[in-house]
*Asks:* 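Take this structure first; my questions come after.
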Amino acid sequence: MRIVHPEFVPDASLSREDMESLQREIAEAAVFEDDLSVDPAAVCGDDAAATDDEQTSLADVDASGDADGEDSEDDADAPADSPLVAGVDQSFVDDHAVSAVVLLRGGEVVERAYAVEPVEIPYVPGLLSFREGTAILSAFDLLSRDPDIALLDGSGRIHFREAGIATHIGVTLDLPTVGVAKSLLCGTPRESLDRKLPQGARVAIEADADVETAEPGTHIGDAVQTRQFENSDRYVNPLIVSPGHRVSADTASDVALACASGYKLPEPTRLADKYADDVKADVRENL
DNA sequence: GCGACAG
DNA sequence: ATCTTGTCGC
């Protein structure tokens, strides 16, 4: 898909100082309120408007792609009107980042693409998008159509400068995005997360002194329990969900929960994670 | 100097 | 993220 804001494209050659100032600009351009073209409740297929046919595609998806793999399948027919949801995740092979994007419509995978780009800088908390952003944008460029919304691994607004990877990519592409992280980068939960939360529960995360661009107390995201053990003493840790761009904190969590399918990770992100991992084998050779 | 932080 | 055995639970 097309880059709407070239000035925000992540540049790993920038100084840490310039990266941070760019993030402040991105945060100001970001919209942390709903501006979606779709109904959050219908994002991941069957719901109230439950359709009909269901088939967990397994042998319909193939593979292709090289230093910039791609492969599109136009079969799966889910409600043609339901939103196109993208799941994005990265894996690494030597000094290269593999970004995988999976497109779902009504719960069915309709297209996948992945891109491989050399990693330029090490991982630095708060600057993740400058390390993985190039690969992500390359993968998005291979898609044959534009998603209505995308779920990315990592934070969005829950970030020191409210410009996590989901926000950076969302603003650059002017695409509604949701950040889905497995742990909290910053901010303070309104309630302790050290206890077993029931399935579907959400605990607000508010800005604290670590979030330098927001007034303390601002609702910047939620800890969301997308999955939980029922008859056990053990428990699953909640996911940390936050707005990337053009979605509110509540809607971001609604989307994550609507895409929950029995696993901790929402289906889009879960499938992208698996795809990114599967692709690693093929990528190792073409290097 | 100490603390501290997505993937 | 990545490297890996065993273990728990449905």
Side-chain angles (χ1 to χ4, degrees), chain A residues 10 12 16 19-20 23 26-27 87-101 114 116-137 139 150-170 177-189 193 196 199 205 207-214 220-224 227-245 252 256 261-266 269-270 272-281 283-284 287:
Chain A
R16 173 165 185 158
M19 289 180 178
E20 297 184 348
Q23 292 183 320
I26 290 169
V88 188
D89 188 30
Q90 288 68 244
S91 64
F92 297 82
V93 176
D94 295 326
D95 277 31
H96 293 268
V98 179
S99 181
V101 180
Y114 73 83
V116 182
E117 297 288 352
V119 163
E120 312 279 15
I121 58 177
Y123 164 67
V124 176
L127 300 179
L128 184 66
S129 61
F130 291 90
R131 174 179 162 80
E132 312 182 344
T134 301
I136 295 175
L137 291 177
L151 280 66
L152 292 87
D153 61 305
S155 286
R157 193 180 188 184
I158 294 181
H159 179 274
F160 309 122
R161 291 165 291 281
E162 295 180 283
I165 194 165
T167 299
H168 197 152
I169 298 301
T177 57
V178 173
V180 178
K182 299 177 205 61
S183 59
L184 189 62
L185 174 63
C186 60
T188 304
L193 298 181
K196 184 172 185 175
Q199 170 96 243
I205 303 297
D208 55 23
D210 290 336
V211 183
E212 36 194 76
T213 54
I220 55 177
D222 295 308
V224 180
R227 176 191 176 174
Q228 188 55 281
F229 293 140
E230 295 303 331
N231 312 310
S232 172
D233 297 313
R234 300 193 59 198
Y235 59 87
V236 180
N237 294 130
L239 228 40
I240 305 299
V241 181
S242 60
H245 182 46
S261 57
Y263 295 89
K264 178 170 179 172
L265 294 178
T269 293
R270 191 180 72 81
D273 181 278
K274 177 173 175 49
Y275 186 38
D277 189 56
D278 292 343
V279 152
K280 285 167 66 178
V283 172
R284 285 209 169 86
L287 283 183

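So that the names make sense, note that chain A is the first sequence line, chain B the second, and so on, each numbered from 1. The basis for the numbers below is simple: all heavy atoms, side chains too, and nothing from hydrogens, waters or symmetry mates.
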*Asks:* Are A/T134 and A/E117 linked by a side-chain donor-acceptor pair shorter than 3.5 Å?
*Replies:* no
*Asks:* Is the shortest side-chain N to carboxylate O distance from A/K280 to A/D277 below 4.0 Å?
*Replies:* yes
*Asks:* Taking only Watson-Crick and G-U wobble pairs with both distances under 3.5 Å, what dot-bracket line describes DNA chain C, where [ ] shows pairs that cross earlier ones and | shows pairs with another strand?
*Replies:* ..........
*Asks:* Step by step, would you call A/E132 with A/I165 a side-chain contact (heavy atoms from CB on, under 4.5 Å)?
*Replies:* CA-CA 8 Å; A/E132 312 182 344; A/I165 194 165; 3.8 Å; yes
*Asks:* Starting at CG of A/D94 and ending at C1' of C/dT2, how long is that distance when rounded to a whole Å?
*Replies:* 11 Å
*Asks:* Side chains of A/I205 and A/P189: closer than 4.5 Å at any heavy-atom pair?
*Replies:* yes
*Asks:* Checking all strands, does A/I240 fall into the base, sugar-phosphate, or nothing category for heavy-atom contacts under 4.0 angstrom?
*Replies:* nothing
*Asks:* Write out a two-atom table: protein N or O, nucleotide N or O from nucleotides 3-10 of chain C, distance below 3.5 Å.
*Replies:*
unit_1, atom_1, unit_2, atom_2, d
C/dC10, OP1, A/N231, O, 2.6

*Asks:* Could you tell me the separation between the CG atom of A/L185 and the C1' atom of B/dA4, rounded to a whole number of Å?
*Replies:* 10 Å
*Asks:* Distance check needed: B/dA4 C1' versus A/H159 NE2, whole Å only.
*Replies:* 14 Å
*Asks:* Within a strict 4.5 Å, meaning less than it, do heavy atoms of the A/L239 and A/L265 side chains meet?
*Replies:* yes
*Asks:* Indicate yes or no for a side-chain donor-acceptor contact from A/D208 to the backbone of A/D210 under 3.5 Å, with no hydrogens or angles considered.
*Replies:* yes
*Asks:* Give the stems involving DNA chain B, where a stem is 3 or more consecutive Watson-Crick or G-U wobble pairs (i with j, i+1 with j-1, and so on) under 3.5 Å.
*Replies:* none
*Asks:* Tell me every residue that passes ring pair (Phe, Tyr, Trp, His ring centres under 6.0 Å) with A/H245, counting only those two or more places apart in sequence or in another chain.
*Replies:* none
*Asks:* Determine all donor-acceptor pairs shorter than 3.5 Å in which one atom belongs to a side chain in residues 93-100 of chain A; sequence neighbours excluded.
*Replies:*
unit_1, atom_1, unit_2, atom_2, d
A/S99, OG, A/Q90, OE1, 3.0

*Asks:* Before giving the answer on side-chain contact (heavy atoms from CB on, under 4.5 Å), spell out for A/F130 and A/R16 the whole-Å C-alpha distance, their side-chain angles and the decisive distance to 0.1 Å.
*Replies:* CA-CA 10 Å; A/F130 291 90; A/R16 173 165 185 158; over 6 Å; no
*Asks:* Starting from P on B/dA6, measure out to CZ on A/R161 and report it in whole angstrom.
*Replies:* 13 Å
*Asks:* Rounded to the nearest Å, what distance is computed from the CG atom of residue A/D222 to the P atom of nucleotide B/dA6?
*Replies:* 19 Å
*Asks:* Please give, in whole Å, the distance from C/dT2 P to A/K182 NZ?
*Replies:* 10 Å
*Asks:* When the distance from CG of A/D89 to P of C/dT2 is rounded to whole Å, what number comes out?
*Replies:* 8 Å
*Asks:* Please determine whether side-chain contact (heavy atoms from CB on, under 4.5 Å) holds for the pair A/L137 and A/I169, giving the CA-CA distance in whole Å, both sets of side-chain angles, and the decisive distance to 0.1 Å.
*Replies:* CA-CA 8 Å; A/L137 291 177; A/I169 298 301; 4.1 Å; yes
*Asks:* Tell me whether A/R131 contacts the main-chain N or O of A/I121 through its side chain, where contact means a donor paired with an acceptor under 3.5 Å.
*Replies:* yes
*Asks:* Does B/dG7 have its OP1 or OP2 closer than 4.0 Å to a side-chain nitrogen or oxygen of A/S155?
*Replies:* no
*Asks:* Decide if atom OH of A/Y263 counts as having more than 12 heavy atoms of other residues, nucleotides or ligands within a radius under 6.0 Å.
*Replies:* no
*Asks:* In residues 118-131 of chain A, what residues come within less than 4.0 Å of DNA chain C, judged by heavy atoms?
*Replies:* none
*Asks:* Taking the side chain from A/Q23 and the backbone from A/G126, do they hold a donor-acceptor pair closer than 3.5 Å?
*Replies:* yes
*Asks:* Rounded to whole Å, how long is the line connecting atom CD of A/E117 with atom C1' of B/dG7?
*Replies:* 18 Å
*Asks:* Closer than 3.5 angstrom, by distance alone: can the side chain of A/S242 be matched with the main-chain N or O of A/G156 as a donor-acceptor pair?
*Replies:* yes
